[in-house]
2 protein chains.
Amino acid sequence: MRRAFDERAREIGVTRPQWQVLSVLLRHEGIKQGGLAEILEVEPITAGRMIDRMQDAGLVERRADPADRRAWRLFLTPRGREMMERLQPLAIETSEAALKGVSEKDQEDLLRTLDTMLENLTGRPATTASWSE
Amino acid sequence: MRRAFDERAREIGVTRPQWQVLSVLLRHEGIKQGGLAEILEVEPITAGRMIDRMQDAGLVERRADPADRRAWRLFLTPRGREMMERLQPLAIETSEAALKGVSEKDQEDLLRTLDTMLENLTGRPATTASWSE
DNA sequence: GGTCAATACTAAGCAAGCCTACTAATCCTG
DNA sequence: CAGGATTAGTAGGCTTGCTTAGTATTGACC
């Protein structure tokens with residue numbers, strides 16, 4: 001799915017992980033980098049570097065946290081918001097293409113089994129939100 | 001699973017993709033780089049770079065193809081073979097840990113559904129061999 | 001209030017994935 | 001057999017993931 005999405009999104013100039021960042025920011029504007037990293041299940045440095053590039057590309061904005069001078073608060077730029085609108089159809093298209101001919105029940109079973117496996121491996125309870133993540 | 005395997009394999013000094021290479025070579029010694037790339041579902045350049053590193057580490061060996069001067073034939077070194085023996089238990093351990101509490105039927109359903117999705121996205125018929133891949 | 005641990009992030013450096021562009025060799029077709 | 005298309009692999013350069021090591025700030029405890 002990463003490959004399929006990237007293929008379609010390349011001309012727009014955004015990768016799947018970057019889309020995930022935009023997607024998280026849309027719902028959690030003002031989040032700190034650490035929080036973003038946790039949601040994406042990556043290390044803070046990975047999120048930080050991604051934000052570096054996306055800031056250069058004008059997709060996100062870092063603002064100083066008024067209460068903690070170590071931290072950054074993350075915000076979408078207008079360009080980032082516009083990008084999301086262009087990517088949304090692609091994301092839906094991709095997951096629909098992948099799930100063609102897969103019954104509702106099979107989809108639920110799949111997510112349930114994968115959650116069990118993730119929990120087995122990480123020790124944390126898994127919280128799969130949707131197909132888009 | 002990548003993360004869980006890497007965590008255990010780190011001290012041995014091999015990554016999960018490298019283990020996959022060793023695993024393919026064990027069953028297909030003398031394969032060309034392109035063939036390896038195809039089995040791993042990775043671009044030839046990715047496989048080539050991996051072989052570079054593994055050759056430096058003394059795990060695999062490149063031998064000239066007698067029939068085609070463009071191509072390399074790949075072989076395990078004794079060190080690579082020994083590495084496989086140390087990694088086999090880790091691989092089994094990891095997939096058993098992941099699948100704890102997942103019924104046979106759920107495992108089959110999972111693989112079947114994922115195969116369908118892979119086929120949907122790639123157009124190629126999917127051929128999942130086992131949990132180890 | 002001073003010290004020390006914890007927290008938020010960055011730096012450097014590596015592996016693995018990709019794309020585009022290249023060389024060298026082989027193969028096919030006239 | 002010559003020439004062009006295809007195939008096998010490499011080079012450079014990008015993103016994303018990691019680990020280890022560092023800085024700066026905050027917070028907690030005596």
Nearest-Å distance, [atom1] ([X]) to [atom2] ([N])?
{"X": "A:D6", "N": "C:dG17", "atom1": "CG", "atom2": "C1'", "value": "10 Å"}
{"X": "B:L74", "N": "D:dA8", "atom1": "CG", "atom2": "P", "value": "13 Å"}
{"X": "B:Q18", "N": "D:dC18", "atom1": "CD", "atom2": "P", "value": "17 Å"}
{"X": "A:E43", "N": "D:dA21", "atom1": "CD", "atom2": "P", "value": "15 Å"}
{"X": "A:M54", "N": "D:dT16", "atom1": "CE", "atom2": "P", "value": "8 Å"}
{"X": "A:M1", "N": "C:dG17", "atom1": "CE", "atom2": "P", "value": "19 Å"}
{"X": "B:R69", "N": "C:dT23", "atom1": "CZ", "atom2": "C1'", "value": "13 Å"}
{"X": "A:R2", "N": "C:dC19", "atom1": "CZ", "atom2": "C1'", "value": "13 Å"}

Between A:R27 and A:S23, do the side chains contain a donor N or O and an acceptor N or O under 3.5 Å apart? yes

A:D52/A:R62 ion pair, N-O < 4.0 Å: yes

Out of D:dG17, C:dC19, C:dA16, whichever nucleotide has its closest atom nearest the side chain of A:T46: D:dG17

So which nucleotide from C:dA15, C:dG17, C:dA25 ends up closest to the side chain of B:V42? C:dG17

Closest non-hydrogen atoms of B:V14 and B:A9, given as atom of the first, atom of the second and distance, are O-CB, 3.4 Å

Which heavy atom in B:N120 sits nearest to a heavy atom in A:A97, and how many Å separate them? CB-O, 3.3 Å

Which parts of nucleotides 8-14 of chain C does protein reach within less than 4.0 Å, heavy atoms only, written one letter per nucleotide 5' to 3' as B for base, S for sugar-phosphate only and - for none? SSBBB--

For the side chain of A:T113 and the backbone of B:L110, is there at least one donor-acceptor N/O pair under 3.5 Å apart? no

Indicate, with a heavy-atom threshold strictly under 4.0 Å, whether A:T15 touches base, sugar-phosphate, or nothing. sugar-phosphate

If the cut-off is 4.0 Å, is A:Q20 near the phosphate of D:dT16, judged by side-chain N/O to OP1 or OP2? no

Check side-chain contact (heavy atoms from CB on, under 4.5 Å) between A:T15 and all other residues, then give those that pass, not counting sequence neighbours. A:D6, A:P17, A:Q18

Qualifying side chain to side chain donor-acceptor pair (under 3.5 Å) pairs with a residue from residues 83-93 of chain B, counting only residues at least two apart or across chains: B:R8-B:E93

